[in-house]
Asker: 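Structure incoming, see below.
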Protein chains: 2
Amino acid sequence: MKHHFITTDGNMKARWMEAFPEASSILAEQGSDAIGTGDVAWLVTMIDDWPLRVGELAQRGATVVVLSYSADDQEALLAFEQGARGYVHTLAAPEVLEQVALVVTNQGIWAGQALLSKVLSGSFQALRQRHAGEPSLSAPLLGQLTERERAVALAVARGASNKEIARQLDIGERTVKAHLSAIFKKLAVRDRLQLILKLSDNASSRTA
Amino acid sequence: MKHHFITTDGNMKARWMEAFPEASSILAEQGSDAIGTGDVAWLVTMIDDWPLRVGELAQRGATVVVLSYSADDQEALLAFEQGARGYVHTLAAPEVLEQVALVVTNQGIWAGQALLSKVLSGSFQALRQRHAGEPSLSAPLLGQLTERERAVALAVARGASNKEIARQLDIGERTVKAHLSAIFKKLAVRDRLQLILKLSDNASSRTA
DNA sequence: GAACCTATTGTACCGATGGGCAGAACGACG
DNA sequence: CGTCGTTCTGCCCATCGGTACAATAGGTTC
């Protein structure tokens, strides 16, 4: 496993050498033939078509880390979209670079804290909606319920109370509870709150 | 910061002990009281309601890593959806586990390569849309709330109970109720159910 | 300083919720 | 015919959720 630093001028930063004394320097104009599967390619964003290069390298089986002077979330996401495994500041300390290498070569990713929290908190929502269109999650969710349970589940998803559901379906409130208990168990949620969240996550693509 | 391995049988794998000699073993049936804020909770998917446990632990401020025998993207996604910071194979080597711990305790996430490309490429488009449009999904709604009320509202939107919110914000359950009453009045909803629906409605109508 | 907002917590009440235990009716399957 | 799954219901009980009626304390505004 080798380290390659791909730059526009072929100049290696001192701290790069410090972190990886064996690393090679590659000019952006050069081809990527010297980079093999499993190698780590460090690529700076000074290169005009760096996103393309990232994709190309990732395709070849290289582990790509993008080095950027800016801490731009959009840029980072673009990098990851192209298949990069890491996104680090160009001026990162040698110890950090070693840490990054350790992580990315072991199936991890490396990105800034701010970006990660965004990805985890916000974008997963959208991603789940994307997956919801497939018959993988949404259909099996309601599909594993009986007809009556499904009716109750949908009523709950609208925010109805047990009493309201009972009236709507013309059954006793106790029966609604019974159905709900079955639903909770089947869908592995603890209460109607979680059920709403679970359902709305998978239904928003169809109701919206 | 402690490491806790939560399993169905209480049996710790040898490599777990190797990676974290100080780690404790917790039975799935047991409560999570021994796990504190900042601790790392390693949770196996053998546990029936592991998604729920993940959410619960994450809510408590623990750093959750899901251990699974299968490398299932959907499962991993579910894990992260519930607030897990890592998703790693149950049979991962001790060195890998240590790396995972290092990453997740530093605000990083850990997941398999295949999933990451999916997640990040999806997130990229989601973030891009979001940044192009309004700054926040339900900004107008949350904007009329105080900082504390907003925190409570967001916790409710995740499906948290009053007790969980109290733990999370380190305040009394009674105080949570007080904030909730204020929220209900301001947003003109009758209960947390409607609040969730109102917040999620606002989110989907904007992205659609 | 008074008025006001915010955050915090208390006691108490009551309806809503979830589950345990139990039973009955019905259709399907073997 | 017996078993199983589904639907429906009863009673009881523990907990949760929301609110009314308070109080204390730290800020800001006028």
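Proteins come first, then strands; the chains are lettered A, B, ... in the order of their sequence lines, and each starts at number 1. Note that the structure is predicted; figures quoted are calculated from it, not measured.
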Asker: Under the salt bridge (Lys or Arg N to Asp or Glu O under 4.0 Å) rule, collect the residues that match up with A/Glu164, sequence neighbours excluded.
Answerer: B/Arg190

Asker: How about B/Leu180 and B/Ile183: do any of their side-chain heavy atoms sit closer than 4.5 Å?
Answerer: yes

Asker: To the nearest Å, how far apart are A/Ile171 CD1 and D/dT7 C1'?
Answerer: 9 Å

Asker: I need a per-nucleotide contact map over nucleotides 12-22 of chain D, read 5' to 3'. Cutoff is protein heavy atoms under 4.0 Å; write B for the base, S for backbone only, - otherwise.
Answerer: ----SBBBBB-

Asker: Could you check if a side-chain atom of A/Met46 sits within less than 4.5 angstrom of a side-chain atom of A/Thr7, using non-hydrogen atoms only?
Answerer: no

Asker: So if I define the base as every atom that isn't primed, P, OP1 or OP2, how would nucleotides 25-30 of chain D read as a B/S/- string at a heavy-atom cutoff under 4.0 Å?
Answerer: ------

Asker: Against A/Asn162, only a single residue in A/Glu173, A/Arg192, A/His179 fulfils side-chain hydrogen bond (donor to acceptor under 3.5 Å, both in side chains); can you say which?
Answerer: A/Arg192

Asker: Given atom CD of B/Gln194 and atom C1' of C/dA16, what is their separation to the nearest angstrom?
Answerer: 14 Å

Asker: Is the number of heavy atoms from other residues, nucleotides or ligands under 6.0 Å of A/Met12 CE greater than 12?
Answerer: yes

Asker: I need the B/Ile6 CD1 to B/Ile47 CD1 distance, nearest 0.5 Å.
Answerer: 6.0 Å

Asker: Is there a side-chain contact between A/Thr175 and A/Leu169 (heavy atoms, below 4.5 Å)?
Answerer: no

Asker: Which atom pairs link the protein and nucleotides 3-6 of chain C when you take only N or O atoms and keep those under 3.5 Å?
Answerer:
none

Asker: Roughly, in whole Å, what's the span from CG in A/Leu169 to P in D/dC8?
Answerer: 8 Å

Asker: Quick check: closest heavy atoms across B/Ile165 and B/Ala155, and the distance to 0.1 Å?
Answerer: CG1-CB, 3.7 Å

Asker: With ring pair (Phe, Tyr, Trp, His ring centres under 6.0 Å) as the rule and sequence neighbours excluded, what pairs involving residues 15-38 of chain B come up?
Answerer: B/His3-B/Phe20, B/Phe5-B/Trp16, B/Phe20-B/Trp42

Asker: Does B/Met1 have more than 12 heavy atoms from other residues, nucleotides or ligands lying within 6.0 Å of its CE?
Answerer: yes

Asker: Going by heavy atoms in the side chains, are B/Leu187 and B/Leu145 under 4.5 Å from each other?
Answerer: yes

Asker: For a quick test of reading the model, state the closest non-hydrogen atom pair linking B/Ile26 to B/Ala34 and the distance between them.
Answerer: CD1-CB, 4.5 Å

Asker: For A/Asp170 and D/dC8, what is the distance between atoms CG and P respectively, to the nearest whole Å?
Answerer: 10 Å

Asker: Whole angstroms only, please: what is the CG-P distance between A/Leu195 and C/dG18?
Answerer: 9 Å

Asker: Closest approach of A/Tyr87 and A/Val65, non-hydrogen atoms and distance?
Answerer: N-CG1, 4.3 Å

Asker: Return one dot-bracket line describing DNA chain D 5' to 3' (Watson-Crick or G-U wobble pairs, both distances under 3.5 Å; ( ) same strand, [ ] crossing, | another strand, . none).
Answerer: ||||||||||||||||||||||||||||||

